[in-house]
A.B. asks: 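Got a structure for you, written out below as structure tokens; questions coming shortly.
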Amino acid sequence: MSKLFTEYKLKGTVHYEIVDSIALLTVDNPPVNPLSEGVRNGLFEGIAKAEADESVVGVVVTGKGRAFIAGADISEFGGNMSGHSLNDVFKSMEYCSKPLVAAINGITLGGGLETALCCNYRIASKQAFVGLPEVNLGLLPGGGGTQRLPRLAGPSEALKMMLTGAHIPAKKALDMGIVDSLSDNVVEDSIQFAKEKAKEGTNHPKVRDLNEKMIEARGSENVLVEAQALAAKTRKGQFAPGQIIKCVEAAINLDDFDEGLKKEGELFVECLMHPQREAMIHIFFGERAASKISDVPANTSSMEIKKAGIIGSGTMGGGIAMCFANAGIPVHIIDQDEENLRRGLSVIEKNYDFMVGKGRMTPEQKDMVFGLISSSLEYKDLHDVDIAIEAVYENLDLKLEIFKNLDEHTNENAILASNTSGLDVDAIASVTKRPDKVVGTHFFSPANIMRLLEVVRGEHTSHETLASVMTVSKKIKKAAVVSLNAPGFIGNRMLFNYTAQANMLLLEGALPHQIDQAIESFGLNMGPFRMMDLVGLDLGWRARKLSGVESPLHAKIGDYLCDNDRFGQKNGKGYYNYSEGSRAPNPAPENEEVYEKISAENGFTRREISDEEIIDRCILALINEGADILSEGVAQRAADIDVVYINGYGFPIWRGGPMHHANAMGLDVVVDKLKKYHEITGNNAYKPSELLIKLAQSGEKLNDAPSGNDRKEKLNFSMSSVAGNF
Ligand SMILES: NC(=O)c1ccc[n+]([C@@H]2O[C@H](COP(=O)([O-])OP(=O)(O)OC[C@H]3O[C@@H](n4cnc5c(N)ncnc54)[C@H](O)[C@@H]3O)[C@@H](O)[C@H]2O)c1
């Protein structure tokens, strides 16, 4: 066996060696072998070398480590790509005269799968998975994926794969015709296979020539109509899905494969130039950056969480327990009494049964994950957990009592976390002997589904505690963002400002359905009034009553509705009416005289308000508060705020989050608009944040702003300051 290495100073390398008359090209670009310049050049030159060497009869391409090739090198986007283009590489592979086998050893995504589709044969390891997730970055598979995948998997399945960006396990990829066979020794078997095929002759199949499934789909609109429906349902407002559908339409209808490739190239460039692409890539990098905490060194040791404890098996506790169990981490739940515990466990089991019913897990998988959840009523049973997460009622005295118990009964190294939505984590830490191990873990409801996790950093929370929570959050598949311990943390503080302004618009003359429609047309999943009805209007109302302080203007209508027994979805009437068992909002014309009355009582002459003003005022309220959160150092960076708002509050990913949206509008425009609304309304929510003014003047963007340290005083954590705004 001779061994030759082609090393490149560029990012990425492809090792070239000859094994048994087969050229083995091994992509080496840790950690997941993206197609950086060095890899593209290495593949191109490797194929040329194999072609030129008469002793070589076939070629195998594989990846070093856990990935085959996990996609394009996103860091090259937006710059001038040098070296061989992906299309040159793919062309040289596709026209290689010797049999070319992709030995798919692991993760094979995007350009990685497109590479494999340019090979004559594909053999996959049983642990591998494949996918074309470009849509998640506002792109389409621009390396021939939209033309080749439908030829193997059929246009309908290929469209589903490209529109969802789903990762397809090897076994399913085999069933779909994407790979030819599975293997336990993928490289060795591919080498043997290439040798056999070389003996058979020179006529090796090319995916580009497989037209059968394209011709079959011609003339029927069904496939495309189904795809459009899927895109409308799951990717509302996004540009790339429509482009992907157009590419597949071209694959179906054009006789010439190269014409299809050309069309794909044109549509790809349109995606690349579209502002949504920049927004979505901003979030892709933002989520990765969020796990880095500026003053916590990357090499900080973190404790492995081998077992978790949950206190309270209600809405949140149950969902959090599922997150750990789903990640294979055993979890023990305790509750205050048998009845609550039984109810909590039965909800968890029902959730798993629902997933089995939907085909999202097998009954065996359910038994396995549900089997990881144990329960009791005793604190002593939490003696061996590495993290205990409290999720009892939002009541400080109750939480203090729970933390005293946890401090007493858990291992002294265990992290003690609270799922509080807004109580002071430092106050909670103060009753323990280990404030360095106390942290907030603010999950969102439903906790087993929502990706956001705000990690609330108390005054004494140690680096190790933070590092451990950030590490486990990845395991349980959360997008974790660090927040300082400040009222409302990041997300709810912004939300309060936003809902307060939506309520002001109602008081000034707009109606709930108009406001909701305007905000939903901007791209949020749910308008503010539908959301307030869902959460329950009574939460804020009760908190305001308890505080004994007079309600702020924006809460007057909500108070009146609650005084008249309109709590939202929970009792079938709030800003909207609901029929029994339905969450669909119906108009509530009976409320209109209430709006008239409260507006008049508070000195407002109701007026026509345009959709533009509604969107401006609600979104500007978010942006302005976000800027303050950044300058106070409550959030580490602007992108963290975007990650919070997209993963926890239904902000459209294609707008990149409120901070990115502000950058895209231009901060000078944002400041001018804020000034205008400040003048019109006299409302301080629109008094432009100092940070925005400074950045607008210097021509910088919010991303350029380091997180500040402008917190003048410790703000008041009382419930009135948190929930009182609803
Ligand atoms: N529900 C949400 O949308 C949401 C979202 C984020 C955060 N939170 C926060 O999560 C926490 C829990 O909220 P939830 O909605 O799950 O409440 P819940 O009412 O659904 O559940 C609370 C659970 O705690 C149990 N409990 C009460 N006292 C206890 C005690 N002394 N010992 C053990 N168990 C006890 C109850 O029996 C119940 O099972 C609160 O702090 C809340 O603010 C809630």
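We count ligands from 1, going down the list as the structure has it; atoms in each ligand are counted the same way.
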A.B. asks: Which atoms of ligand 1 are found less than 4.0 Å from any heavy atom of Lys399?
C.D. replies: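 Reading through ligand 1 atom by atom, the close ones are 40 (C), 41 (O).
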
A.B. asks: Distance under 4.0 Å to a non-hydrogen atom of Thr315: what atoms of ligand 1 satisfy this?
C.D. replies: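 Ligand 1 atoms under the 4.0 Å threshold to Thr315: 15 (O), 16 (O), 20 (O).
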
A.B. asks: What atoms of ligand 1 come within less than 4.0 Å of a heavy atom belonging to Leu398?
C.D. replies: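 Listed by number with element: 28 (N), 31 (N).
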
A.B. asks: Distance under 4.0 Å to a non-hydrogen atom of Ile402: what atoms of ligand 1 satisfy this?
C.D. replies: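 That gives atoms 30 (C), 31 (N), 32 (N) of ligand 1.
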
A.B. asks: Using a strict 4.0 Å cut-off to heavy atoms of Ser445, name the atoms of ligand 1 that fall inside it.
C.D. replies: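 Under 4.0 Å from Ser445, ligand 1 has these atoms: 2 (C), 3 (O).
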
A.B. asks: Could you tell me whether Glu590 and Lys573 make a salt bridge, using a distance below 4.0 angstrom between a side-chain N and a carboxylate O?
C.D. replies: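 Salt bridge: no.
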
A.B. asks: Tell me whether Arg637 is salt-bridged to Asp640, with the criterion being a basic N under 4.0 Å from an acidic carboxylate O.
C.D. replies: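 Salt bridge present between Arg637 and Asp640.
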
A.B. asks: Looking at His661, Met494, Met659, which one forms a side chain to side chain contact (heavy atoms under 4.5 Å, CB included) with Tyr645?
C.D. replies: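 Exactly one pass, corresponding to Met494.
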
A.B. asks: Please compare Val392, Thr441, Leu452 and report which has the shortest non-hydrogen distance to atom 12 (C) of ligand 1.
C.D. replies: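 Closest candidate by heavy-atom distance is Val392.
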
A.B. asks: Evaluate the ring planes of Tyr576 and Tyr578, with Trp represented by its six-membered ring, and classify them as parallel (under 30°), tilted (30 to 60°) or perpendicular (over 60°).
C.D. replies: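 Plane angle over 60°, so perpendicular.
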
A.B. asks: Tell me whether the rings of Phe522 and Phe651 are parallel (<30°), tilted (30 to 60°) or perpendicular (>60°).
C.D. replies: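 Rings of Phe522 and Phe651: perpendicular, as their planes differ by over 60°.
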
A.B. asks: Looking only at side chains, do Asn503 and Tyr575 share a donor and an acceptor under 3.5 Å apart?
C.D. replies: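 The criterion, which ignores hydrogens and geometry beyond distance, is satisfied for Tyr575 and Asn503.
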
A.B. asks: Begin with the C-alpha distance, continue with both residues' side-chain angles, and end with the deciding distance and a verdict on side chain to side chain donor-acceptor pair (under 3.5 Å) for Arg434 and Thr410.
C.D. replies: CA-CA 11 Å; Arg434 56 180 110 172; Thr410 57; 3.0 Å; yes

A.B. asks: For Ser483 and Arg493, which I'm curious about, is there any donor-acceptor pair between the side chains at under 3.5 Å?
C.D. replies: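 No.
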
A.B. asks: Which protein non-hydrogen atom lies closest to atom 33 (C) of ligand 1, naming both residue and atom, and how far is it?
C.D. replies: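 Of the protein heavy atoms, Gln336 N, 3.3 Å lies nearest.
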
A.B. asks: Short check: is a protein heavy atom less than 4.0 Å from atom 17 (O) of ligand 1?
C.D. replies: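 So far as the 4.0 Å threshold goes, atom 17 (O) of ligand 1 is out of reach of every protein heavy atom.
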
A.B. asks: Any N or O on Thr420 sitting closer than 3.5 Å to an N or O of ligand 1?
C.D. replies: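 For ligand 1, there is no N or O atom that lies under 3.5 Å from one belonging to Thr420.
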
A.B. asks: So which heavy atom in the protein is nearest atom 10 (O) of ligand 1, and how far is it from that ligand atom?
C.D. replies: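 Closest protein heavy atom to atom 10 (O) of ligand 1: Asn419 ND2, 2.9 Å.
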
A.B. asks: List the closest protein heavy-atom neighbour of atom 21 (O) of ligand 1: residue, atom name, distance to the nearest 0.1 Å.
C.D. replies: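 That would be Gly314 CA, 3.3 Å.
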
A.B. asks: Which residue pairs satisfy the ring pair (Phe, Tyr, Trp, His ring centres under 6.0 Å) criterion with at least one member in residues 327-357, sequence neighbours excluded?
C.D. replies: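 Listed by first then second residue: nothing to list.
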
A.B. asks: Any Lys/Arg nitrogen of Lys399 or Glu390 sitting under 4.0 Å from an Asp/Glu carboxylate oxygen of the other?
C.D. replies: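 Between Glu390 and Lys399 there is a salt bridge, with a charged N closer than 4.0 Å to a carboxylate O.
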
A.B. asks: When you check the gap from the basic side-chain N to the acidic O, do Lys433 and Glu408 get nearer than 4.0 Å?
C.D. replies: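 No.
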
A.B. asks: With sequence neighbours excluded, give me every salt bridge (Lys or Arg N to Asp or Glu O under 4.0 Å) pair touching residues 341-354.
C.D. replies: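 For residues 341-354: Glu349-Lys366, Asp353-Lys366.
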
A.B. asks: What protein heavy atom lies closest to atom 27 (C) of ligand 1? Include the residue and the distance to one decimal.
C.D. replies: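 Checking every protein heavy atom, the shortest distance to atom 27 (C) of ligand 1 gives Tyr393 CE1, 3.4 Å.
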
A.B. asks: Please confirm whether Gly344 approaches ligand 1 to less than 4.0 Å, judged on its heavy atoms.
C.D. replies: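 Contact absent.
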
A.B. asks: For ligand 1, which atoms sit closer than 4.0 Å to a heavy atom of His442?
C.D. replies: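 Answer for ligand 1: 6 (C), 7 (C).
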
A.B. asks: Only heavy atoms of Arg343, strictly under 4.0 Å: list the atoms of ligand 1 that pass.
C.D. replies: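 Contacts of ligand 1 toward Arg343, numbered from 1: 39 (O).
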
A.B. asks: Does Phe443 come within less than 4.0 Å of ligand 1, judged by its heavy atoms?
C.D. replies: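 The answer is yes, since Phe443 has a heavy atom less than 4.0 Å from ligand 1.
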
A.B. asks: Pick, from Ile310, Asn395, Asp335, the option with the minimum heavy-atom distance to atom 25 (C) of ligand 1.
C.D. replies: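 Result: the heavy atom closest to atom 25 (C) of ligand 1 is in Asp335.
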
A.B. asks: Quick one: which ligand 1 atoms are inside 4.0 Å of a heavy atom on Ile311?
C.D. replies: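 Checking each atom against Ile311, I get 33 (C).
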
A.B. asks: For atom 13 (O) of ligand 1, what's the nearest protein heavy-atom neighbour? Residue, atom name and distance, please.
C.D. replies: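 So the nearest neighbour among protein heavy atoms is Met316 CG, 3.8 Å.
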
A.B. asks: Write out the residue and atom name of the closest protein heavy atom to atom 8 (N) of ligand 1, then the distance separating them to 0.1 Å.
C.D. replies: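 The closest one turns out to be Ser421 OG, 3.2 Å.
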
